[in-house]
Amino acid sequence: MFFEFQPFLDGIKFFRNFVRCDRHTCVVCRDKNKPFQQQFAFCDCLFYRNPTFAPRFTIHQFTNSPIHQQRMTEQELLRRESLQKLRELGIEPYPAEMFEVTAFAADIVANYKEEVLDDGTRNRLNYREVALAGRIMASREAGKAMFMNLQDSSGRIQLYLRRDDFANAETGDAPMFDTVIKKLLDLGDYAGVKGFAFKTKTGEVSVHVQDFKFLAKSLRPLPVVKKDAEGHVYDAFTDPEQRYRMRYVDLTVNQEVRETFIKRSKIIRTIRAYLDELGLLEVETPILQPIHGGAAARPFKTHHNALDMPLYLRIANELYLKRLIVGGFDGVYELGKMFRNEGMDRTHNPEFSMLEFYVAYKDYHWLMDVTERMLERVARAVSADGGSVIKAGEHDIEFAGPYRRLTMFDAIQQYTGLNVETAGEPELRNYCRQNGIEIDATMGKAKLIDEIFGEKVEGHLIQPTFLIDYPVEMSPLTKKHRSKPGLVERFELFVNGKEVGNAYSELNDPLDQRERFEEQLRLAARGDEEAMAMDEDFLRALEYGMPPTAGIGFGIDRLTMLFTGQTSIQEVLFFPQMRPEAGER
RNA sequence: GAUCUCGUAGCUCAGUCGGUAGAGCACUUGACUUUUAAUCAAGGAGUCAUGGGUUCGAGUCCCAUCGAGAUCACCA
């Protein structure tokens, strides 16, 4: 016999392994000598503790289905119990009707006013009738009174409840207070409360609750993060894996995480407003593309069944936006997701957000001016004081223009003393070898320059810096420099040692563009998986004629990291890509 | 992809030389009608990531796997 009935009837405590079957809460007594499938569960739903509810046993044979193997903790079981008990008492834990909210926690805390009258009583001047809704995040019982913290989207406010307010005038019974609120309410439950604002003896603005309503029961315990008077945080929910996998918990419990994402939204809104003011048209272009172009990266590949053809998730939208310029729009922009099938790390997520905009009859100098104005505006929108300075680690970064403009060759000269313009390839190779920069035989002069730059210069560019005039080999879509042979009219913007934007005067010479594509094809033939594919339709568009155009792309996620002081891209994406959890595969 | 570090209660973490699994908060029961990291008393809660191995005995040592983080590589 591997289980006995009597201890089960006496109480749950004899059993340690709880599982959930598809319909009920179960208790299973496991016999480790038998295979899992042969172990049995008792299933009587939620009232095994209450003697008035005769256990309704069903004995289930286990299957291996994952749902059978989901074990519940004691606290989860108790919450299911209180859910069931609420229903028994005629209280719906998940009501359907609206709860009309008339006030927010932060507003009451900030704006509540009262006056002290001559006789010492207090006269409440506002918030005399409020209804607010949110999660109950803390609760402190003090005899026949109770304090809670309610958290809504604006912040937290203390609630004060008195047994007297819920007592029956004749009988003195207060089941709503004694049983429902005191026993069946759990931390994390959503509640709607009605009452009035007041100040407690200790001066905290609170809501005296006269009416309490369950809006949604929470069946899992939230991490309880506490803060003391000095601001020390206890038991913070910090494990990055859990925070990213369960962002809803992270957002509930960690207020500063919410702030980061509110800032992200503000950054995007500010950019959009600025570009709209410039008169650009916001557009949407295909995410599913038959030819992935516009950048050097490996794509995600998928398949369209009806057309029976491969499609790629876009790695860039550049070629489509230029087609729109060909079509006669003076300026277009798109804010959207790009997808690159590459490694993941602190600054790379497989899907990420880009802003690209293209404006006809402009060049890259104009783009630099626009960039300065746009970023200054974003900085002022997100900084605490409305100023243009943003703190990034130990650096104060000034976003008000003009930014330093430095040619790539000058930058390298300045930080290494190397004159790459006059230096030959062997000299550059020597330099790399002496400075521990990894190179291989296939690298041409342009690639070597890029390596030296990345290794020796990039990290020094803390204040916003436009790095201009790149070698032509690295930029297959960029117009040749108006006066410097071998270079293109391109800049990248570096801030805090990282690239945040990439821009150029667009190549609009269709014959030159065809040659550049052909060069890319040669790279692809040599095994370069990131080389661009020939896009005949794009060339056809250019042949119809594209006006001189300036175009720029910004990594919105990295921009957000910069403006929110985050060092990991995962902190600025609600749901960063993760490997599947155990059991999800 | 490589290397290092980590995975113990719902959360944050201890766990000595290999010898019965620990704390605070959370939870349960009780007391308290202005508390606030509420307090006081008592109690319960664990597949020590997973699977193997060594051993009389493994949270601890070894191997593999899974997941996470950091560094590097890759990456316009």
Side-chain angles (χ1 to χ4, degrees), chain A residues 11-13 16-18 30 32 49 69 71-79 81-82 138-149 156 158-165 167 177 183 186-188 198-204 206 208 218-245 249 253 294-298 315-316 318 340-348 350 438 446-447 450 453-454 470 474-478 490 492 499 501-504 529-530 532 553 555 567-568 570 578-585:
Chain A
I12 194 77
K13 62 185 165 193
R16 292 195 163 182
N17 298 298
F18 307 114
R30 293 179 63 174
K32 297 202 168 161
R49 286 191 161 188
Q69 295 177 22
R71 295 165 56 255
M72 273 198 282
T73 65
E74 186 188 29
Q75 292 191 45
E76 287 176 280
L77 279 170
L78 285 163
R79 281 166 182 246
E81 253 184 68
S82 44
S139 131
R140 298 175 288 283
E141 283 176 39
K144 295 187 173 56
M146 221 176 154
F147 295 89
M148 300 177 190
N149 291 342
R156 289 189 182 191
Q158 175 166 273
L159 306 180
Y160 172 61
L161 292 87
R162 257 186 353 189
R163 185 176 186 275
D164 294 350
D165 296 328
F177 186 88
K183 303 280 182 199
D186 293 303
L187 294 188
F198 76 112
K199 254 187 200 172
T200 63
K201 222 160 56 178
T202 53
E204 177 158 353
S206 309
H208 188 129
S218 166
L219 296 181
R220 289 173 185 259
L222 286 168
V224 176
V225 181
K226 293 195 173 185
K227 221 189 261 181
D228 68 14
E230 280 104 58
H232 296 126
V233 177
Y234 298 82
D235 301 334
F237 180 58
T238 51
D239 178 357
E241 177 172 2
Q242 300 219 63
R243 287 184 46 232
Y244 303 150
R245 285 195 198 283
V249 174
V253 148
R298 298 220 305 271
I315 57 173
E318 170 162 355
R340 295 187 184 176
N341 204 345
E342 289 170 347
M344 291 162 56
D345 61 28
R346 230 176 36 252
T347 55
H348 295 81
E438 273 184 50
K447 184 74 186 161
D450 194 52
F453 173 78
Y470 283 63
M474 315 287 299
S475 315
L477 302 167
T478 308
R490 169 179 175 189
E492 290 187 319
E499 184 211 328
N502 179 23
Y504 34 86
E529 287 185 77
E530 296 181 338
M532 285 186 207
T567 54
S568 163
Q570 297 167 108
M578 302 285 276
R579 287 201 163 79
E581 280 180 85
E584 271 187 2
R585 297 161 168 263

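Below, chain A is the first sequence line, B the second, and so on; all start at residue 1. Bear in mind the structure is a predicted one, so any value in this text is a computation, not a measurement.
Side-chain proximity of Asp228(A) to rA26(B), rA37(B), rA38(B): nearest is rA37(B). Each of rC11(B), rA37(B), rG30(B) was ranked by its minimum atom distance to the side chain of Pro223(A); first place goes to rC11(B). Nearest to the side chain of Gln242(A), among rC11(B), rC27(B), rG44(B), sits rC11(B). When distances run from any side-chain atom of Gln75(A) to the nucleotides rA26(B), rU35(B), rU33(B), the shortest one goes to rA26(B).
Under the 30°/60° scheme for interplanar angles, the aromatic rings of His208(A) and Tyr160(A) are found to stand perpendicular.
Lys226(A) comes within contact range of the sugar-phosphate backbone alone, with a heavy-atom separation under 4.0 Å but no base atom that close. Note on Arg163(A): nothing from the nucleic acid sits closer than 4.0 angstrom, heavy atoms only. In this structure, Tyr160(A) reaches the bases: a heavy-atom distance under 4.0 Å links it to at least one base atom across the strands shown.
Residues Tyr504(A) and Tyr470(A) place their aromatic rings such that the two centres sit no closer than 6.0 Å.
The two residues Ser139(A) and Met146(A) make their nearest non-hydrogen contact at OG-CE, 3.8 Å.
In this structure, Lys199(A) atom NZ and rU35(B) atom P are separated by 16 Å, rounded to whole Å.
Rounded to a whole angstrom, the distance from the P atom of rG15(B) to that of rU3(B) is 28 Å.
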Would you give a per-nucleotide map of nucleotides 69-76 of chain B, 5' to 3', where B means the base has a protein non-hydrogen atom under 4.0 Å away, S means only the sugar-phosphate does, and - means neither?
SSS-BBBB
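Salt-bridge check for Glu342(A) with Arg298(A): failed, with every basic side-chain N at 4.0 Å or more from each acidic carboxylate O. The existence of a salt bridge linking Glu241(A) and Arg243(A) is excluded, since no basic side-chain nitrogen approaches an acidic carboxylate oxygen closer than 4.0 Å.
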Filtered N/O pairs between nucleotides 6-8 of chain B and protein, under 3.5 Å:
none

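Closest-nucleotide positions on RNA chain B for Asp186(A) and Arg140(A) were compared, and the one nearer the 5' end corresponds to Asp186(A).
Paired regions of RNA chain B, where each region holds three or more successive Watson-Crick or G-U pairs whose two hydrogen-bonding distances fall under 3.5 Å, are B:1-7 with B:66-72, B:10-13 with B:22-25, B:27-31 with B:39-43, B:49-53 with B:61-65.
Judged by distance alone with a 3.5 Å cut-off, a donor-acceptor contact links the side chain of Gln158(A) to the base of rU35(B).
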